[in-house]
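First the proteins, then the strands, lettered A, B, ... as listed; each starts at 1.
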Amino acid sequence: MTDHAFRAPKGTRDIMWPDSARWRALVELFADVAGSAGYLEVVPPMFEHVEVFQRLGEATDVVRKEMYAFEDKGGRTIALRPEQTASVVRGFAEHRPALPYKAWYAGPNFRYERAQKGRFRQFDQVGVEVLGPHDPHLDAEVITLAWRFYERLGLRQVRLLVNSLGSAEDRARYVEALRAHFEANLDALSEESRATLATNPLRVLDSKRDADAELVADAPRMLDHLSDDAAAHFAAVTAALDAVDVPYTVAPRLVRGLDYYVRTTFEFAAEALDAAQNAVGGGGRYDGLAAEMGAPETPGVGFALGVDRTLLACDAEGVFAPPTAAVDVFVVDATGGDEAVVLADRIRAAGLRADRAWDGRSMKAQMKAADRSAAAVAVIVGEDEKASGTVTVRDLRGDGGQETVDRDQLTDILRARLR
RNA sequence: GUGGCCGUAGCUCAGUCCGGUUAGAGCACCUGGUUGUGGUCCAGGAUGUCGGGGGUUCGAAUCCCCUCGGUCACCCCA
């Protein structure tokens, strides 16, 4: 056990191979899915002026207690980003790219909270944001992209929950209806939920406490408080999802933790994860956010998917396996190691992955290392081969057959064997 | 931020309740059996601040306190 100062800080960890390879593969797959729909990558800074994130809502936990905020040496109040939507929208307001602005991103976010499985202080997300269109078909496209991404990972047990919070006015009216409902039954509400009610009535609906179950079930439904316009928007979203065969569940009590959401909201739950952290992704519309950042009134919609949790879901479903081999060829040099210097370089130059052993170990030890490397073939060089300008190529995965070939033929032989 | 459980070799864990010779096992690792050949087998070997600090005691992995970390639930979310 290492001294505590030399361990990764609480809530962080090292992504070691093969997890790191799988991590990269996931991001590459996401880039491919987003790219297939014309989204372009954006890489926002990992920290911003704290005001950027205060737009997430002063009553949200993300802002109230989870922000990694500090003063820099220039006296600025800076915060590590707790999510990327606010940064992407800030970048939009700052640069005013042509509309529609369709962006995807991947990278770490930071929230100061108590870590547990699937919840870290530094956690990665991939996501998309689109600024410009108000079109409900765009909401559906965004949701569909996330759905197809999960499909391509191989996930089959993801449930899509959708809801509408209505327009900003609808939402405000609904919050008052909720407040009235809970206040009329205050003594039936848990103590914790009473505190939540005071700051953010919507999130009382999120309570998982048994004491609140009945009152929450009886609460007024958002979908009954939608204006005609918002109801039509939501109907168009679900119709488009039907049209592309993306299955969903309407969840009238789906609340999301950030205050900027209006109209469409959605969440992806991995049913293979029975932990409390089974939300693997979520998003929605944020039509007012760009204007708050100084841009003209510009509607927006997007989602973020948690990389860690998505991979946990993949584990639970036994899909998206990590790679097994880091190299194709392992060079075994029984002459002291000089031969391997040249052979490994030549094999790599031919586009194959090659590793070797060090410190002049015995041939047996080198063969063990070759086996463990998961390489498919070993290239062996001893005094005989050195003298005759040949190498021995040995199969490591099948029957162990080997042949001694001229060095000039080596890369051709290797390519043929590895095909 | 609140509460429960946990922390012994690289990994998985036994030993902790009822304190007592040099702290163990399996796997992994190294060397040899096979002076040029891995994956099976056999023999041998190396490896521990018993998470950290303090206390109780003749004596602490074992009991007590604090602390760090993990984990589960709440909160919240990815």
Give the nucleotide from the list [options] with an atom nearest to the side chain of [X].
X        : options                : answer
A:Lys368 : B:rG38, B:rG36, B:rU71 : B:rG38
A:Glu385 : B:rG36, B:rC30, B:rC72 : B:rG36
A:Leu396 : B:rU37, B:rG38, B:rA78 : B:rG38
A:Glu66  : B:rA78, B:rG4, B:rC76  : B:rC76
A:Arg394 : B:rG69, B:rG39, B:rC76 : B:rG39
A:Asp371 : B:rG39, B:rU37, B:rG1  : B:rG39
A:Arg372 : B:rC30, B:rG3, B:rU37  : B:rC30

Would you say a side-chain N or O of [X] is under 4.0 Å from OP1 or OP2 of [N]?
X        : N      : answer
A:Lys117 : B:rG70 : no
A:Arg7   : B:rG70 : no
A:Gln116 : B:rA73 : yes

Could you note down all residue pairs passing side-chain hydrogen bond (donor to acceptor under 3.5 Å, both in side chains) where [range] supplies at least one of them, sequence neighbours left out?
range                       : answer
residues 140-150 of chain A : A:Tyr39-A:Glu141, A:Lys102-A:Glu141, A:Trp147-A:Glu151, A:Arg148-A:Glu151
residues 358-375 of chain A : A:Asp371-A:Arg397
residues 10-37 of chain A   : A:Arg13-A:Asp308, A:Arg22-A:Asp315, A:Asp32-A:Arg152

Is it the case that [N] (base atoms only) and [X] (side chain only) share a donor and an acceptor within less than 3.5 Å, ignoring hydrogens and angles?
X        : N      : answer
A:Glu267 : B:rA78 : no
A:Gln366 : B:rU37 : no
A:Arg114 : B:rG3  : yes

At 4.0 Å (heavy atoms only), tell me whether [X] reaches a base, stays on the sugar-phosphate, or touches nothing.
X        : value
A:Phe120 : base
A:Asp399 : nothing
A:Arg111 : base
A:Asp384 : base
A:Gly398 : base
A:Arg256 : sugar-phosphate
A:Glu83  : nothing

Now, which nucleotide makes the Watson-Crick or G-U wobble pair with [N], with each of the two distances under 3.5 Å?
N      : result
B:rA73 : B:rU2
B:rG19 : none
B:rU34 : none
B:rC27 : B:rG10
B:rC63 : B:rG55
B:rA46 : none

How many Å lie between [atom1] on [X] and [atom2] on [N], as a whole number?
X        : N      : atom1 : atom2 : result
A:Arg119 : B:rG70 : CZ    : P     : 12 Å
A:Trp23  : B:rA78 : CH2   : P     : 16 Å
A:Glu113 : B:rU2  : CD    : C1'   : 15 Å
A:Leu205 : B:rC76 : CG    : C1'   : 15 Å
A:Met363 : B:rG38 : CE    : P     : 9 Å

Checklist entry - Where each residue is assigned the nucleotide of RNA chain B containing its nearest heavy atom, which of A:Arg361 and A:Gly401 is assigned the position nearer the 5′ end? => result A:Arg361
Checklist entry - Closer to the 5' end of RNA chain B via nearest nucleotide, is it A:Thr12 or A:Ala369? => result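 Its nearest nucleotide lies further toward 5', so the answer is A:Ala369.
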Checklist entry - Could you write nucleotides 41-46 of chain B as a row of B, S and -, 5' to 3', where a protein heavy atom under 4.0 Å of any base atom gives B, of only sugar-phosphate atoms gives S, and otherwise -? => result ------
Integer angstrom distance from the [atom1] of [N] to that of [M]:
N      : M      : atom1 : value
B:rC65 : B:rU56 : C1'   : 11 Å
B:rA28 : B:rU47 : C1'   : 12 Å
B:rC64 : B:rG4  : P     : 15 Å
B:rC5  : B:rG48 : C1'   : 25 Å
B:rC68 : B:rU57 : P     : 27 Å
B:rA9  : B:rG26 : C1'   : 12 Å
B:rU16 : B:rA23 : C1'   : 12 Å
B:rG45 : B:rG1  : P     : 50 Å

Next on the checklist: Applying salt bridge (Lys or Arg N to Asp or Glu O under 4.0 Å), can you list everything that pairs with A:Glu83, at least two apart in sequence or on another chain?
Outcome noted: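 Residues passing salt bridge (Lys or Arg N to Asp or Glu O under 4.0 Å) with A:Glu83: none at all.
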Item to check | A:Arg173 vs A:Glu169, salt bridge (Lys or Arg N to Asp or Glu O under 4.0 Å): CA-CA, chis, key distance, verdict | outcome: CA-CA 6 Å; A:Arg173 260 203 321 278; A:Glu169 299 74 39; over 6 Å; no
Checklist outcome for this item: Residues at least two apart in sequence or cross-chain that pass ring pair (Phe, Tyr, Trp, His ring centres under 6.0 Å) with A:His134, listed by chain then number, are A:His233
Next on the checklist: My understanding is that only residues two or more places apart in sequence, or in another chain, count here; which of them pass ring pair (Phe, Tyr, Trp, His ring centres under 6.0 Å) with A:Tyr286?
Outcome noted: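 In terms of ring pair (Phe, Tyr, Trp, His ring centres under 6.0 Å), with neighbours along the sequence ignored, A:Tyr286 is linked to A:Tyr260.
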Checklist entry - Would you say A:Asn163's side chain and A:Pro252's backbone share a donor-acceptor pair under 3.5 angstrom? => result yes
Next on the checklist: So which atom in A:Gly154 and which in A:Val319 form the shortest heavy-atom distance, rounded to 0.1 Å?
Outcome noted: O-CG1, 3.5 Å
Next on the checklist: Between A:Arg415 and A:Asp412 (salt bridge meaning N to carboxylate O under 4.0 Å), is one present in this structure?
Outcome noted: yes
Next on the checklist: Could you go through A:Arg114 and A:Glu66, starting from their C-alpha distance and side-chain angles, then the distance that decides it, and tell me whether this counts as salt bridge (Lys or Arg N to Asp or Glu O under 4.0 Å)?
Outcome noted: CA-CA 9 Å; A:Arg114 187 121 163 208; A:Glu66 296 172 3; over 6 Å; no
Checklist outcome for this item: Those residues at least two apart in sequence (or on a different chain) that pass side-chain hydrogen bond (donor to acceptor under 3.5 Å, both in side chains) with A:Tyr174 are none
Checklist entry - Does A:Arg121 make a cation-pi contact with A:Tyr112, if we ask for NZ or CZ under 6.0 Å from the ring centre and within 45° of the axis? => result yes
Item to check | Interface residues of residues 39-51 of chain A with RNA chain B (non-hydrogen, below 4.0 angstrom) | outcome: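 The stretch gives none, as no residue of it lies under 4.0 Å from the strand.
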